[in-house]
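Notes follow the structure.
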Amino acid sequence: MTALVTLERVGFSYPGSARPALRDVSVAIEAGTVTGVTGLVGAGASTLLLVAGGFAPRLTGGALTGARHLATERVGIVFATPWTQLTGLASTVLGEVAFGPASLGRPREAVLAAVERAIGDLGVAHLAERDPTTLSGGELQRVVVASILAMVPDLLVLDDPAAELDPAGADALYALLPSVAARGAAVLVATPDTERLARVADRVLALEDGRLVRSGPPGAVLDDTDVARIARAAGCPAPLPLDVAAAVERVVR
Amino acid sequence: MIGYVPGRSPLHRAHPYTPLAVAAGLLFLAFAFRSPAAVWAVVVAAAVFAAAGGVLGAVLRPAAVLALPTWALLTVLHGLLGGPPHLALGPLALSAPGVERALVFGGRITAILLAFLTALVTVAPPRLVEAMTARGVPFGRIYLLVSTLTVVPRMRARVRQIIDAQQCRGLRIGGSPLARVRALGPLVVPLVLSALAEVDEQALALDVRGGSAAGRRTALAPPADHAADRLVRWTVLVGVVAVYAWKFAGAGR
């Protein structure tokens with residue numbers, strides 16, 4: 001598989017901060033995979049996304065050490081706060097989602113086709129004519145994700161993308177990530193929602209205090225989901241089931 | 001509310017450049033004349049322009065609120081402190097040439113306010129974006145103009161949220177003038193800090209959505225530029241040029 005992002009012993013410090021947010025991180029993010037990033041608040045997960053996506057220090061300022069190789073310029077990022085990600089220049093969801101591909105100068109028909117597909121994938125086609133500023137947080141977050149997907153990024157970076165979503169919306173969003181990866185994109189998602197992450201991630205990176213402390217398949221890295229804790233308490237042998245579906249499957253077996 | 005007001009008037013349906021061109025023409029005309037009668041004829045023209053958009057009522061109040069302090073200052077500066085001859089107005093002795101100057105300066109301010117507030121409330125920002133995109137205007141300039149046009153409604157909405165939040169926490173915004181001044185701190189500080197906090201994410205979001213892309217954006221639904229629109233704009237241009245030619249030829253007063 002092709003590595004879209006390669007970080008070699010990368011460190012990063014925000015402007016005015018003496019304490020590095022990332023330390024000595026080496027990792028390769030490959031096309032066609034979903035990579036999860038997890039860790040406690042302040043562990044550096046969001047910073048890793050910004051660095052891997054090429055946004056830090058370009059837009060944030062700060063100092064980067066080590067080597068970063070980004071093989072694409074088509075990078076999309078989604079934050080947990082959808083209301084800061086509206087352009088403010090569109091009066092409909094359709095216009096908002098079309099903003100990105102239109103900015104890239106793609107032909108009108110290609111823009112509209114990409115928009116139709118993205119709003120269909122995210123289940124917001126029925127909101128196409130609504131004013132984005134009148135949507136709920138969950139609807140808005142799905143519109144923002146659709147806006148990024150409509151640009152068909154090679155690298156899709158999501159920072160706690162389900163924070164505003166209800167459980168069904170979060171399930172639907174996470175279920176979409178493998179299909180985005182299957183189209184050839186690399187998906188990098190940071191989240192504290194380890195159960196949903198375990199279902200979709202090919203690999204998980206665990207950070208502590210800015211350092212990459214574990215990396216591997218979800219079953220090898222994640223052992224702190226609610227289901228895993230219950231399984232551990234019940235004396236279940238490793239690898240622990242990480243979500244209800246895995247636990248049921250093991251019981252059935 | 002100083003922002004776009006939906007409507008079906010000729011100004012709402014016109015190409016977005018047309019109301020802006022008329023507003024600009026009225027500005028140039030207001031500065032072309034030096035006699036109170038001529039300047040106030042421009043004020044009347046600006047009022048007719050607002051009435052044509054069906055927004056005279058909507059723009060009169062903000063125009064008055066913005067113009068009244070200037071009017072008061074002009075009355076003191078030119079009317080009370082101006083040179084002889086003086087006119088008796090009850091207990092006041094107003095300078096006749098000062099009053100004439102105040103009428104000219106005040107008329108210009110009033111005409112400009114009426115004209116541009118009319119353009120502001122009749123030009124839908126998304127249509128303006130499409131119109132400018134269709135003409136190949138770089139996105140940076142489009143964003144600068146449109147974000148300026150929409151800043152007041154956005155800030156008002158944010159102020160409303162902060163007032164609600166602070167009142168829930170016991171802040172009183174009424175009472176004596178001193179109490180009102182004291183209440184400004186808990187309102188202004190979160191307003192400024194939240195605006196600054198959002199700037200980084202919004203800049204990043206716009207960058208990701210192709211805001212800094214070098215190529216030409218695709219206009220998806222550019223507004224129609226009818227012959228009548230072009231006729232109005234050419235008439236404004238020719239009229240302004242003719243008035244200035246007349247003025248510089250020595251005939252204008």
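All values derive from a computational prediction rather than experimental measurement. Each chain gets a letter, A, B and so on, in the order its sequence line appears, and its residues count up from 1. Computed over heavy atoms, backbone and side chain alike; hydrogens, waters and symmetry mates excluded.
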- Message: Please classify the contact of A/E96 with chain B as side chain, backbone, both or neither, using a heavy-atom distance under 4.5 Å.
- Response: both
- Task: State the CG-CG distance between A/L89 and B/L206, to the nearest 0.5 angstrom.
- Result: 7.0 Å
- Query: Side chains of B/V129 and A/F99: closer than 4.5 Å at any heavy-atom pair?
  - Reply: no
- Query: Would you call B/R209 and A/S103 a side-chain contact if the rule is heavy atoms closer than 4.5 Å?
  - Reply: no
- Are any side-chain N or O atoms of B/R217 and backbone N or O atoms of A/G105, one a donor and one an acceptor, separated by less than 3.5 Å? no
- Task: Taking atom CZ of B/F28 as the centre, report whether more than 12 heavy atoms of other residues, nucleotides or ligands fall under 6.0 Å from it.
- Result: no
- Query: Is the number of heavy atoms from other residues, nucleotides or ligands under 6.0 Å of A/L40 CG greater than 12?
  - Reply: no
- Within 6.0 angstrom of B/R8 CZ, more than 12 heavy atoms from elsewhere: no
- Query: Is atom CZ of A/R117 surrounded by more than 12 heavy atoms (other residues, nucleotides or ligands) closer than 6.0 Å?
  - Reply: no
- Item | B/R172 atom CZ, neighbour heavy-atom count above 12 within 6.0 Å | no
- Query: CZ/A/R108 to CG/B/L220 distance, rounded to the nearest 0.5 angstrom?
  - Reply: 6.5 Å
- Considering only heavy atoms, which portion of A/R58 lies under 4.5 Å from any heavy atom of chain B: side chain, backbone, both, or neither? side chain
- Query: Taking side chain as C-beta onward, heavy atoms only, is B/V208 less than 4.5 Å from A/V75?
  - Reply: no
- Task: Check whether A/L50 gets within reach of chain B through its side chain, its backbone, both or neither, counting any heavy atom under 4.5 Å.
- Result: side chain
- Side chain / backbone / both / neither for A/T133 at chain B, heavy atoms under 4.5 Å: neither
- Task: Pick one of side chain, backbone, both or neither for A/R106, based on which atoms fall under 4.5 Å of a heavy atom in chain B.
- Result: backbone
- With chain B, the option among A/S147, A/G88, A/P101 that has the most non-hydrogen atom pairs under 4.5 Å is A/S147
- Above 12 or not: heavy atoms from other molecules or residues under 6.0 Å from CD of B/Q166? yes
